[in-house]
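First listed ligand is number 1; within each ligand, the first listed atom is number 1. Because the structure is predicted, anything quoted here is derived from the model rather than measured.
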Amino acid sequence: MNKIITFLFVILVLNVSLINCQYGTPTFKIDNSPTLQLVKQYNQSQIYSLSSSGYEKPIIIANLTGTHYEMGFAAGYLMAQEAYENYNVMVGAVLPKTWEKDAFEKFLDWQWNDYLSKQITQNYLDEIQGYSDGAIASGFTQLGKTIERGVVISSFPGDPTENIEYLLRNELLGGFSDYLIRIDRLDVLSKIKEIISNQEEEDTTRSSKGLQCSHFSTWGDKTFNGDMFNGRNLDWLNGSGISNNKLITFYNPVGQYSHAAIGFAGLIGAIVGISSKGIFVAESDNDSVKVTFDGFAWSMRLRYIMENAANIEEAVSLWESTNNTMGMCHSLASATEASTAEHPAFALETMKGYTAFFSDNDPNEHYIYTDPKTGEQTQMGYPLDNAVYRTNHGYDETIRQNEWEPAIPNGDSWTRYMLFYNTFSYYTASNTTISELQAINITSILGNKHSIQDIYSSPAPFYDCTNAWMGYNIISSTFHFASNKMFVAFEEGFGQQRICAACGTYVEVDLTPFFGPF
Ligand SMILES: *[C@@H]1O[C@H](CO)[C@@H](O)[C@H](O)[C@H]1NC(C)=O
Ligand SMILES: *[C@@H]1O[C@H](CO)[C@@H](O)[C@H](O)[C@H]1NC(C)=O
Ligand SMILES: *[C@@H]1O[C@H](CO)[C@@H](O)[C@H](O)[C@H]1NC(C)=O
Ligand SMILES: *[C@@H]1O[C@H](CO)[C@@H](O)[C@H](O)[C@H]1NC(C)=O
Ligand SMILES: *[C@@H]1O[C@H](CO)[C@@H](O)[C@H](O)[C@H]1NC(C)=O
Ligand SMILES: *[C@@H]1O[C@H](CO)[C@@H](O)[C@H](O)[C@H]1NC(C)=O
């Protein structure tokens with residue numbers, strides 16, 4: 001026992017010195033007065049452009065109202081071209097090198113038909129049908145299965161190419177070949193077999209890009225007025241071209257709660273979002289290699305929760321009544337209950353068939369790692385009052401036992417987890433109340449600004465935007481629901497001119513004009 005206490009003490013001292021030498025504010029900007037302009041409309045739905053000094057091309061805002069079919073129809077009618085463009089660049093970014101697009105699309109269709117379409121609720125199937133009908137009604141005939149396929153691609157949030165290659169290889173003699181036989185495409189089957197046999201030796205050493213998403217909620221004595229602030233980073237498909245059509249969608253489904261989803265044209269799920277009830281949702285994965293998606297596609301499930309949950313209790317019970325696909329972390333939080341709910345926010349650690357819920361300052365987060373070789377112990381979890389935060393690893397015992405690549409001290413995911421802890425501790429130690437600027441600062445610090453190797457360099461690149469063009473981060477967003485605001489940054493530009501989202505401009509978006517009456 002004494003040993004552990006001494007050990008914890010040493011860690012605390014170490015942390016303080018880390019804090020002193022590494023702190024700083026990344027060079028992000030905040031645009032508080034972007035220009036909103038109506039571009040076009042269909043029935044009760046509108047497309048706006050949001051122009052900001054930080055972005056060459058305006059961010060698209062879609063404000064969709066109606067039944068799910070009608071919202072989909074309007075989206076297809078108004079944005080099919082952008083969706084199609086984005087789908088093609090996504091395929092370009094994730095298509096394993098030696099695979100042909102046609103074979104790859106058959107793979108996506110198989111995942112959709114045999115797995116992902118099974119547990120998605122009917123309203124989203126209606127919405128997808130509407131999207132397709134709306135595209136055709138507008139004269140755009142190439143859309144095809146773009147939207148379903150986009151749901152499949154976005155269900156691989158980690159390293160899609162790696163996961164897809166793995167799946168193709170492992171499922172070829174199983175479900176995928178059955179599917180190809182069923183749809184009478186034996187030509188694709190033999191082509192893929194040929195590619196695989198030519199490829200056998202190569203490629204086991206392909207280095208993983210790493211997984212670098214993160215999310216947090218904070219409230220109570222840490223924040224201005226006790227308000228809740230939330231943030232989320234998406235580090236995925238950097239430089240792919242999807243940022244050409246940046247999109248914020250406000251869904252106003254008849255009879256359900258309005259909700260905002262931040263993402264890109266062609267992706268109808270929520271990568272991150274907030275509802276008119278103040279329910280915040282987010283995701284970060286732990287990358288699971290063996291996946292077939294017999295669960296609720298996570299990005300659609302997050303919308304399902306936003307449109308149906310009035311409070312944190314309902315959000316949790318909706319989560320529990322639906323199924324996970326693969327291993328991921330999520331946030332569920334309720335901004336309007338910051339001072340009334342015992343636990344207004346949870347971090348969720350999930351895997352197929354199992355979810356562990358963590359509140360703030362959760363004793364289960366005090367996990368001590370023991371090095372299997374040296375026996376050296378490291379405290380991995382640093383839970384705090386009035387804050388929950390996760391990167392890409394779990395603390396729950398069951399989750400840890402099943403993790404494909406368990407987190408280790410100084411590993412990438414843990415390093416970023418500690419940035420949360422250190423930044424919250426810094427604000428507490430300096431008596432700084434977290435308000436919008438500080439919440440954006442926390443969000444920005446966590447966004448990946450540089451390649452994974454450099455995380456171990458000193459000073460770590462998280463506080464420094466010098467190499468912003470190399471960062472993986474493509475969406476970085478902060479929410480202050482009590483004042484109806486969110487601050488949204490996207491990656492911008494290409495090549496060495498590119499700026500990752502966390503180093504770019506956080507555009508203030510007022511939620512008030514968009515949320516409908518519910
Ligand atoms: C951002 O957080 C870092 C600590 O991680 C701190 O050094 C810096 O001063 C903060 N900046 C602002 C604007 O709060
Ligand atoms: C367009 O609006 C009309 C009138 O509100 C409605 O009846 C119709 O279903 C809508 N059509 C679509 C495709 O949204
Ligand atoms: C969750 O999965 C189980 C089987 O594993 C299935 O019986 C159940 O219907 C699924 N739940 C939903 C809501 O789809
Ligand atoms: C923070 O506030 C406490 C209590 O008011 C005070 O004792 C402490 O000196 C303050 N710390 C700083 C860094 O201002
Ligand atoms: C994505 O980021 C990595 C690491 O910085 C970089 O090597 C790669 O070229 C980037 N990809 C694109 C398409 O920009
Ligand atoms: C967005 O849609 C909602 C619900 O139909 C409507 O109340 C609101 O006025 C619309 N906002 C804008 C800016 O068009």
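- Between Q438 and ligand 1, not a single N/O pair is under 3.5 Å apart.
- One side chain, N473 or N233, offers a donor N or O that lies under 3.5 Å from an acceptor on the other.
- For atom 2 (O) of ligand 4, the nearest protein heavy atom lies under 4.0 Å away.
- Between the OH atom of Y304 and the NE2 atom of H259 there is a distance of 12.5 Å, given to the nearest 0.5 Å.
- Of the protein's non-hydrogen atoms, the one nearest atom 5 (O) of ligand 2 is Q44 OE1, 4.3 Å.
- Between S430 and ligand 4, no N or O atom pair is found at a separation short of 3.5 Å.
- Counting all heavy atoms, side chain and backbone alike, S217 lies closest to M228 at CB-SD, 4.4 Å.
- Atoms of ligand 1 lying under 4.0 Å from at least one heavy atom of T25, given by number and element, are 1 (C), 8 (C), 9 (O), 10 (C), 11 (N), 12 (C), 13 (C).
- Distances from atom 9 (O) of ligand 2 to the protein include at least one heavy-atom value under 4.0 Å.
- Looking from atom 11 (N) of ligand 2 to the surrounding protein, the closest heavy atom is N43 ND2, 2.9 Å.
- The distance from ligand 2 to the heavy atoms of E70 drops below 4.0 Å at these ligand atoms: 8 (C), 9 (O), 10 (C), 12 (C), 14 (O).
- For the side chain to side chain donor-acceptor pair (under 3.5 Å) with Y427, the lone residue among T432, T223, N441 that qualifies is N441.
- In terms of protein heavy-atom proximity, atom 6 (C) of ligand 4 is nearest to N431 ND2, 4.1 Å.
- Within ligand 1, counting atoms from 1 as listed, the ones closer than 4.0 Å to a heavy atom of Y427 are 1 (C), 2 (O), 10 (C), 11 (N), 12 (C), 14 (O).
- Only the side chain of I445 comes within 4.0 Å of ligand 1, judged by heavy-atom distances.
- In this model, a donor atom of one side chain and an acceptor atom of the other lie less than 3.5 Å apart for S483 and E436.
- For ligand 1, the atoms sitting less than 4.0 Å from at least one non-hydrogen atom of Y463 are 5 (O), numbered in the order shown with element in parentheses.
- The ligand atoms of ligand 1 that sit less than 4.0 angstrom from a heavy atom of N441 are 1 (C), 2 (O), 3 (C), 8 (C), 10 (C), 11 (N), 12 (C), 14 (O).
- Under 3.5 Å, the side chains of D227 and H480 contain a donor-acceptor pair of N or O atoms.
- Annotation: cation-pi geometry satisfied between R303 and Y251 (NZ/CZ under 6.0 angstrom from ring centroid, within 45° of ring axis).
- Ring orientation note: the planes of F424 and F216 are nearly perpendicular, at an angle over 60° on the 30°/60° scale.
- In this structure, atom 13 (C) of ligand 4 lies nearest to the protein heavy atom A429 O, 3.5 Å.
- Judged by a 6.0 Å distance limit and a 45° cone about the ring axis, R390 is not positioned over the six-membered ring of Y417.
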